[in-house]
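First up is the structure itself, then whatever we jot down about it.
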2 protein chains.
Amino acid sequence: MIKKWKINSTKEILRGRIFKYVSCSVTCEEENFDMEMDTLKFADWVNIVAITPDQQVVMVKQYRIGTDDLTVETPGGAVDKGEAPLAAAKRELEEETGYQSDEWEELGWVHPNPAFMNNKCFMYLAKNAVPSGTQSLDPFEVLDIEHYPLSEVPQMIKDETISHSLVISSFHFYYSK
Amino acid sequence: MIKKWKINSTKEILRGRIFKYVSCSVTCEEENFDMEMDTLKFADWVNIVAITPDQQVVMVKQYRIGTDDLTVETPGGAVDKGEAPLAAAKRELEEETGYQSDEWEELGWVHPNPAFMNNKCFMYLAKNAVPSGTQSLDPFEVLDIEHYPLSEVPQMIKDETISHSLVISSFHFYYSK
């Protein structure tokens, strides 16, 4: 039976805008070796499947530097220090889209990538989502709010309109409810 | 209609073991501002849902430094330079688990995280997977090969035994076939 390795020490190599790059000195006692491993420390994230009373999904279209392209994603963002994930989800949905919901449900959580990232992404369902709140974007956030029929989402994943693994994971939880 | 931003210049800040950290100078012409954005450049990845003739999924249990814990994942890894994703999937499955398949199928691909990562993860289905190959682990790769009934996977995602977003995305594609 495989066992956890032991972290002997960690060293912060670099602090980026959204992550810390930390090198870890680890021991694998089972096989008796030491090695250095890279990790990236992020805040936890939230992702929201927000559905309007007429069964439209509220999506965000924006430019993403990672892929140097526009993406269509469910709203989401980072959990602030000391903030509960559900509170972060409510805040992010309203700030990013202006939408609010009176019917929230936990969908589940994932590790975005346990191989080198420490954080979790918590997924929520927001039913009866309506534009009753106040959109409040960061100065450099530029996005379009779009609505797609919930029934079209499986096809949007198949035809690569939706390509973000965390968004696909959110919809997986939604469809497995 | 929202438009792509323009990358004016890029600067490599740091080269980690599995990524390059690159800072980009970008212009949003629509809103007329410039800014610096962080990106992480990775190789593309592959992920394999390998199913044995008796409907067991071949999984890998290993220590992951990101979450400092053991995980249960489908086999996967990085695509080598110049390698086709399907060739990488066949190679990774055999190297990591010793399994081979004579019936490969593309499931789809995702962006692990377009917000700051450039790469894609290609998902494959390997039917009739049998241990006819040669396992060939890296010197510091320590893992257990485990088999789970395919029918138990939805419950394993629900109870958080499977938590990796890319593995969940792979199974989403498998179930949407």
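Remember, it's a predicted structure, so these values are computed and weren't measured experimentally. Naming convention: chains lettered A, B, ... in sequence-line order (proteins, then strands); numbering from 1 in each chain.
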Start with the C-alpha distance between A/Y21 and B/Y21, add both sets of side-chain angles, then the distance that settles ring-ring contact (aromatic ring centres under 6.0 Å, His included), and finish with yes or no.
CA-CA 10 Å; A/Y21 171 34; B/Y21 171 34; 8.4 Å; no
Is there a side-chain hydrogen bond (donor to acceptor under 3.5 Å, both in side chains) between A/H111 and B/S163? Walk through the geometry before answering.
CA-CA 6 Å; A/H111 286 124; B/S163 68; 2.7 Å; yes
Go through it in stages, so that I can follow the logic: the residues are A/N119 and B/T67, the test is side chain to side chain contact (heavy atoms under 4.5 Å, CB included), and I'd like the CA-CA distance, side-chain angles, deciding distance and then a yes or no.
CA-CA 7 Å; A/N119 65 336; B/T67 50; over 6 Å; no
I'd like to know whether A/V110 forms a side chain to side chain contact (heavy atoms under 4.5 Å, CB included) with B/I168, so could you lay out the CA-CA distance, the side-chain angles of the two residues, the decisive distance to 0.1 Å, and finally the verdict.
CA-CA 8 Å; A/V110 300; B/I168 293 170; 3.5 Å; yes
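Per-residue counts of heavy-atom pairs under 4.5 Å with chain B were compared for A/L143, A/N113, A/T39, A/T71; the largest is that of A/N113. Of the residues considered (A/V167, A/I162, A/D68), A/D68 shows the highest number of contacts with chain B, using heavy-atom pairs under 4.5 Å. Of the residues considered (A/G108, A/S169, A/G66, A/G16), A/G66 shows the highest number of contacts with chain B, using heavy-atom pairs under 4.5 Å. The choice from A/Q62, A/M35, A/E30 that makes the most heavy-atom pairs within less than 4.5 Å of chain B is A/M35.
Linking Ile, Leu, Val, Met, Phe, Trp and Tyr whenever their side-chain heavy atoms come within less than 4.5 Å leaves B/V79 and B/M117 in two separate clusters. A continuous path of Ile, Leu, Val, Met, Phe, Trp and Tyr side chains, each step under 4.5 Å between heavy atoms, connects A/V58 with A/I48, placing both in one hydrophobic cluster. Both A/I51 and A/V72 sit in one connected hydrophobic cluster of ILVMFWY residues. Membership requires side-chain heavy atoms under 4.5 Å apart, directly or through other members. Residues A/L125 and A/V46 do not share a hydrophobic cluster, clusters being chains of Ile/Leu/Val/Met/Phe/Trp/Tyr side chains in contact below 4.5 Å. Linking Ile, Leu, Val, Met, Phe, Trp and Tyr whenever their side-chain heavy atoms come within less than 4.5 Å leaves A/F19 and A/F140 in two separate clusters.
For A/P154, no part lies under 4.5 angstrom from a heavy atom of chain B. Residue A/K6: no heavy atom, backbone or side chain, is found under 4.5 Å from chain B. With a threshold of 4.5 angstrom between heavy atoms, A/V142 approaches chain B through its backbone and through its side chain. Using a 4.5 Å cut-off between heavy atoms, A/F116 contacts chain B through both its backbone and its side chain. Contacts of A/E36 with chain B are made by both backbone and side-chain atoms, with heavy-atom separations under 4.5 Å.
Heavy-atom minimum distance, B/A115 versus A/I65: O-CG2, 3.3 Å. Shown here for B/S165 and A/S165, the closest heavy-atom pair between the two residues is OG-OG, 3.7 Å. The shortest non-hydrogen separation linking B/I2 to A/L70 is O-CD1, 3.6 Å.
Sorted by first then second residue, the ring-ring contact (aromatic ring centres under 6.0 Å, His included) pairs that include residues 151-177 of chain B, not counting sequence neighbours, are A/H172-B/H172.
Proximity of A/E160 to B/W109: side-chain heavy atoms (C-beta onward) are separated by under 4.5 Å at one or more points.
Between the side chain of B/D38 and the main chain of A/R17, a donor-acceptor pair closer than 3.5 Å is present.
Annotation: residues 85-101 of chain A contacts chain B through no residue [non-hydrogen atoms, separation under 4.5 Å].
A/Y63 OH to B/I7 CD1: the interatomic distance, rounded to the nearest 0.5 Å, is 4.0 Å.
In B/K4, the NZ atom is crowded: over 12 heavy atoms of neighbouring residues, nucleotides or ligands sit closer than 6.0 Å. Surrounding CG of B/D102 are more than 12 heavy atoms belonging to other residues, nucleotides or ligands, all under 6.0 Å away.
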